[in-house]
Number of protein chains: 2
Amino acid sequence: MISLDADSSPTPEELPPEIDGLRMTKQRREVFSVVLAERDHPTANDVFSRSQKRMPTISLATVYNCLEALVSHGLVRQVNFEREPSRYCPNLSDHCHFQDEKTGTIHDVVFKEGVNLADFLELPQGTEVSHLEISLKGRIGSN
Amino acid sequence: MISLDADSSPTPEELPPEIDGLRMTKQRREVFSVVLAERDHPTANDVFSRSQKRMPTISLATVYNCLEALVSHGLVRQVNFEREPSRYCPNLSDHCHFQDEKTGTIHDVVFKEGVNLADFLELPQGTEVSHLEISLKGRIGSN
DNA sequence: CTTCGAATTAGAATAATTCCAATTATTGCT
DNA sequence: AGCAATAATTGGAATTATTCTAATTCGAAG
């Protein structure tokens, strides 16, 4: 089990050759490290341009491929707000997202201790939830 | 205040000339009645082809315009699942959506009596939530 | 009945994402 | 090491939902 520290984010070189059965190629390492570095919920395009700094030859298609690989292996979460471009989030703990309408900034929002779905939703019996996305929009404080 | 019965959905002709300050043109009536008729969360395209049956001259752009008008006036809700095309829902009561992964069908899911956001989310103080979307995916019972 | 703003229309444009076919890299043999 | 098989990357084209544009039509108000 690989422990990726939340505070000091790894450079691509520091990432192991394989995580959770996903082969970490040079590009995937680059993309992953970009997502880990700034936890500002970048779009694929953001990731692309940041990756290009260290790896000028990487292509946008590859960034999409890498993000898709990371997401499907559960290393990164894909975050959607209405019809905006998808964003990517390395925070794997159970949480949801709040978007400041003024700035567009996205903040992680955690659930209160010990709450779970069935507690607040009238789910039809026998439903097995595989995926949950909660997206909030609004204003913060004095803005 | 106009009461739109949940069970017997109005034909376009039965809709008043104005709702909540929104002028109900022929097309808006048509689109609205289509969304009200089958509560199956149709996409804009679905609405378009259903509308064409009664109104062969309606255009897709108009359907988008009408849906946008209805949504922004709070008469219809726009429902998003990841990056799928938006769907439209005439159920204005507080609820969220569950998509059956097997069939793609979307079901309304209501909140349990008396729950509210602040009860289960650790919202930063001073946040004012203007929009909330909860989307679930999974399987139902024996499927 | 005319005017004027709003709504509708067809089609072009946009933008995020996916697809494709060709190249390149990596792995696992022997 | 050498080589086949497999997987990943690449650039560019294609796709697709949605939005935009400019021209036309509608409808309410005077």
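This one's a predicted model, so the numbers in the text were calculated from it and none came from an experiment. By convention in this document, chain letters (A, B, ...) are assigned in the order of the sequence lines, proteins followed by strands, and residues within each chain are numbered from 1. Only heavy atoms go into these numbers, but all of them, side chains included; no hydrogens, no water, no symmetry mates.
In this structure, A:Thr43 does not reach the C:dA16 phosphate: none of its side-chain N or O atoms is under 4.0 Å from OP1 or OP2. Close to C:dT9, at under 4.0 Å from its OP1 or OP2, lies a side-chain N or O of B:Gln27. Put simply, A:Arg28 has a side-chain N or O that comes within less than 4.0 Å of OP1 or OP2 on D:dA8. Distances shorter than 4.0 Å separate some side-chain N or O of B:Arg83 from OP1 or OP2 on C:dT17. Residue A:Tyr64 places none of its side-chain N or O atoms closer than 4.0 Å to OP1 or OP2 of C:dT18. Between C:dT9 and B:Thr62, a contact under 4.0 Å exists linking OP1 or OP2 to a side-chain N or O.
With respect to B:Arg77 and B:Asp108, no salt bridge is recorded, no charged nitrogen being found less than 4.0 Å from a carboxylate O. Ion pairing between A:Lys137 and A:Glu101 fails under the 4.0 Å rule for side-chain N and carboxylate O.
The distance from atom CG of A:Leu60 to atom P of C:dA16 is 10 Å, rounded to the nearest whole Å. At whole-Å resolution of the value, NE2 in B:His73 and P in C:dA6 are 12 Å apart. For the pair A:Glu68 CD and D:dT9 P, the computed distance is 12 Å after rounding to whole Å. The distance from atom CZ of A:Phe48 to atom P of D:dT10 is 9 Å, rounded to the nearest whole Å. In this structure, A:Met55 atom CE and D:dG11 atom P are separated by 12 Å, rounded to whole Å. In this structure, B:Glu18 places its CD atom 10 Å from P of D:dA29, rounding to the nearest Å. If you measure from atom CD of B:Gln52 to atom P of C:dT9, you get 10 Å, rounded to the nearest angstrom. Atom P of nucleotide C:dA16 and atom CG of A:Leu67 are separated by 14 Å, given to the nearest angstrom.
In the helix from C:dC1-D:dG30 to C:dT30-D:dA1, the end axes, each obtained as the rotation axis mapping the C1' atoms of four pairs onto the next four within a five-pair block, lie 30° apart to the nearest 10 degrees.
With no hydrogens or angles considered, no side-chain donor-acceptor pair links A:Thr105 and A:Asp100 at under 3.5 Å. When only modelled atom types and interatomic distance are considered, B:Arg87 and B:His97 share no side-chain donor-acceptor pair under 3.5 Å. Counted by atom type alone, A:Glu82 and B:Gln78 present zero donor-acceptor pairs between their side chains at under 3.5 Å.
When the nucleotides D:dG27, C:dA7, C:dA16 are ranked by their closest atom to the side chain of B:Lys26, D:dG27 comes out on top. You'll find that the side chain of A:Ser59 is closest to D:dG11, out of D:dG11, C:dA10, D:dA8. The side chain of A:Asn65 has D:dT9 as its nearest neighbour among D:dA17, C:dT9, D:dT9. Listed nucleotides: D:dG27, C:dA7, C:dT9. Nearest to the side chain of B:Ala61: C:dT9. Nearest to the side chain of B:Arg23, among D:dG27, D:dT18, D:dA8, sits D:dG27.
With hydrogens and angles disregarded, a donor-acceptor distance shorter than 3.5 Å links the side chain of B:Glu133 to the backbone of B:Asn80.
Between B:His107 and B:Phe98, the ring planes lie tilted relative to each other; the angle falls in the 30° to 60° range.
Nucleic acid contact for A:Thr57: sugar-phosphate only, since backbone atoms but no base atoms lie under 4.0 Å from a heavy atom of the residue. If you check every strand for non-hydrogen atoms under 4.0 Å, A:Ser86 touches sugar and phosphate atoms only.
For B:Pro17 and B:Asn80, each mapped to the nucleotide of DNA chain D holding its nearest heavy atom, the one lying further toward the 5' end belongs to B:Asn80. Between A:Glu84 and B:Val63, the residue whose closest nucleotide on DNA chain C is further toward the 5' end is B:Val63.
The local environment of CD in A:Glu128 is sparse, with at most 12 non-hydrogen atoms from other residues, nucleotides or ligands closer than 6.0 Å.
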